[in-house]
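Every value quoted in this text rests on a predicted model; they were computed, and no experiment measured them.
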Amino acid sequence: MSADTPRRIVLLRHAKAEWSETSDHERPLAERGRKDAPVAGRWLAGAGITPDLTLCSTSARTRETWKLAVHELPQRPKTVYEERIYEASLGELIALLNETSDDVTDLMLVGHNPGVHALADALSGDAEGDLLPRMNRSGFPTASLAVLSFSGSWKSLEHGVGRLVAYWTPHE
């Protein structure tokens with residue numbers, strides 16, 4: 001694939017988690033989260049988005065979110081459970097995406113706030129309609145999705161190179 005290949009990044013924040021006595025990393029989804037995660041998967045399927053590769057945080061709530069969402073897709077993408085996503089800064093998330101092979105056209109990242117929201121905002125140099133102000137007003141709630149497009153290699157991904165082409169939340 002050439003360096004100017006059109007690419008998509010799909011960012012999914014984990015669904016609503018329970019507050020429990022376990023460590024933060026091991027918090028499971030709450031009942032609402034178990035309902036919202038498949039709805040997010042159905043939105044992806046309806047939008048015709050099936051990632052080539054999914055990078056998912058190793059936390060219990062992100063793994064459970066992805067497990068419930070992916071069942072709604074027509075095919076299961078390759079999934080890599082990546083511990084560096086958990087508690088990652090914006091710079092760390094961009095560095096992780098920069099490592100992606102250029103064979104990947106559509107990449108999904110299943111992660112946490114504030115990182116997922118910061119990443120969507122930082123990459124969005126442009127947006128369709130009112131998507132960017134809507135996303136920023138909402139604060140990127142649990143089980144929300146942002147889809148960004150850009151052209152170039154993954155190594156060239158940096159602030160402002162993307163266009164926010166879709167933003168969805170389960171409770172709009």
Side-chain angles (χ1 to χ4, degrees), residues 8-90 92-93 96-97 106-124 127-149 162-172:
R8 280 192 298 197
I9 304 165
V10 182
L11 302 173
L12 171 60
R13 181 179 176 197
H14 66 77
K16 183 74 175 167
E18 288 182 1
W19 289 101
S20 65
E21 297 300 315
T22 63
S23 71
D24 182 68
H25 191 270
E26 297 309 313
R27 287 175 43 217
L29 290 183
E31 182 179 339
R32 188 179 101 195
R34 288 189 297 275
K35 290 178 182 174
D36 289 347
V39 176
R42 285 193 290 278
W43 184 89
L44 287 168
I49 298 170
T50 302
D52 304 316
L53 172 66
T54 296
L55 301 176
C56 182
S57 168
T58 56
S59 78
R61 59 193 179 272
T62 50
R63 287 181 287 131
E64 193 176 353
T65 297
W66 180 234
K67 180 181 176 183
L68 292 168
V70 74
H71 283 297
E72 303 296 328
L73 299 179
Q75 63 189 38
R76 184 182 180 95
K78 178 181 178 187
T79 300
V80 174
Y81 294 95
E82 176 56 68
E83 62 187 27
R84 293 179 292 170
I85 296 171
Y86 181 72
E87 296 187 336
S89 68
L90 172 59
E92 290 165 334
L93 289 172
L96 179 64
L97 296 179
D106 290 341
L107 174 70
M108 178 168 225
L109 184 140
V110 184
H112 310 265
N113 261 4
V116 170
H117 185 192
L119 183 61
D121 187 49
L123 295 178
S124 296
E128 292 187 9
D130 70 341
L131 291 179
L132 193 56
R134 252 186 60 226
M135 180 183 74
N136 288 327
R137 263 194 321 272
S138 76
F140 217 101
T142 54
S144 293
L145 287 152
V147 181
L148 298 104
S149 64
R163 177 177 176 80
L164 183 63
V165 295
Y167 175 68
W168 176 88
T169 67
H171 299 284
E172 286 191 318

Where at least one partner belongs to [range], residue pairs that pass salt bridge (charged side-chain N to carboxylate O under 4.0 Å, His left out), sequence neighbours excluded:
| range | result |
| --- | --- |
| residues 130-141 | R134-E172 |
| residues 32-47 | E31-K35, R32-D36, R42-E72 |
| residues 51-65 | D24-R61, E26-R63 |

* Is it true that R84 and E92 make a salt bridge, defined as a side-chain N closer than 4.0 Å to a carboxylate O? -> no
* To do: Under the side-chain contact (heavy atoms from CB on, under 4.5 Å) rule, what do E128 and L164 come out as? Steps first, then yes or no, please.
  => CA-CA 6 Å; E128 292 187 9; L164 183 63; over 6 Å; no
* Taking all heavy atoms of L44 and all of M108, pick out the closest pair and write down the distance. => CD1-CE, 3.4 Å
Have [X] and [Y] got a donor and an acceptor in their side chains that come within less than 3.5 Å?
| X | Y | value |
| --- | --- | --- |
| T62 | Y81 | no |
| W66 | T54 | no |
| H14 | S57 | no |

Gap separating the [atom1] atom of [X] from the [atom2] atom of [Y], nearest 0.5 angstrom:
| X | Y | atom1 | atom2 | value |
| --- | --- | --- | --- | --- |
| W168 | L131 | CH2 | CG | 14.5 Å |
| I85 | T58 | CD1 | OG1 | 8.0 Å |
| L12 | L109 | CG | CG | 9.0 Å |
| C56 | K67 | SG | NZ | 12.0 Å |
| I49 | L145 | CD1 | CG | 7.5 Å |
| R163 | S124 | CZ | OG | 10.0 Å |

* **Flag, side chain of S144 to backbone of F140, donor-acceptor distance under 3.5 Å** => no
* Asked: When you measure from the side chain of D106 to the backbone N and O of I9, does any donor-acceptor pair fall under 3.5 Å?
  -> no
* Asked: Going through the distances and angles, do V70 and T79 end up as a side-chain contact (heavy atoms from CB on, under 4.5 Å)?
  -> CA-CA 10 Å; V70 74; T79 300; 5.6 Å; no
* To do: Taking atom CD of E18 as the centre, report whether more than 12 heavy atoms of other residues, nucleotides or ligands fall under 6.0 Å from it.
  => yes
* **Side-chain touch L132/D121, heavy atoms, less than 4.5 angstrom** => yes
* **4.5 Å side-chain heavy-atom contact, S59 and H112** => yes
* Asked: Who are the side-chain contact (heavy atoms from CB on, under 4.5 Å) partners of A15, not counting sequence neighbours?
  -> L29, A37, T65, A143
* Contacts of type side-chain contact (heavy atoms from CB on, under 4.5 Å), residue Q75, not counting sequence neighbours -> T50
* Step-by-step side-chain contact (heavy atoms from CB on, under 4.5 Å) determination, H117 to M135 -> CA-CA 8 Å; H117 185 192; M135 180 183 74; 4.1 Å; yes
* Asked: Can you tell which of L96, L148, L90 makes a side-chain contact (heavy atoms from CB on, under 4.5 Å) with L119?
  -> L90
* To do: In sequence, state the C-alpha distance, the side-chain angles, and the governing distance for W43 and T169, and then conclude on side-chain contact (heavy atoms from CB on, under 4.5 Å).
  => CA-CA 10 Å; W43 184 89; T169 67; over 6 Å; no
* To do: For H25, enumerate each residue passing the ring pair (Phe, Tyr, Trp, His ring centres under 6.0 Å) test, keeping only those at least two apart in sequence or located in another chain.
  => Y86
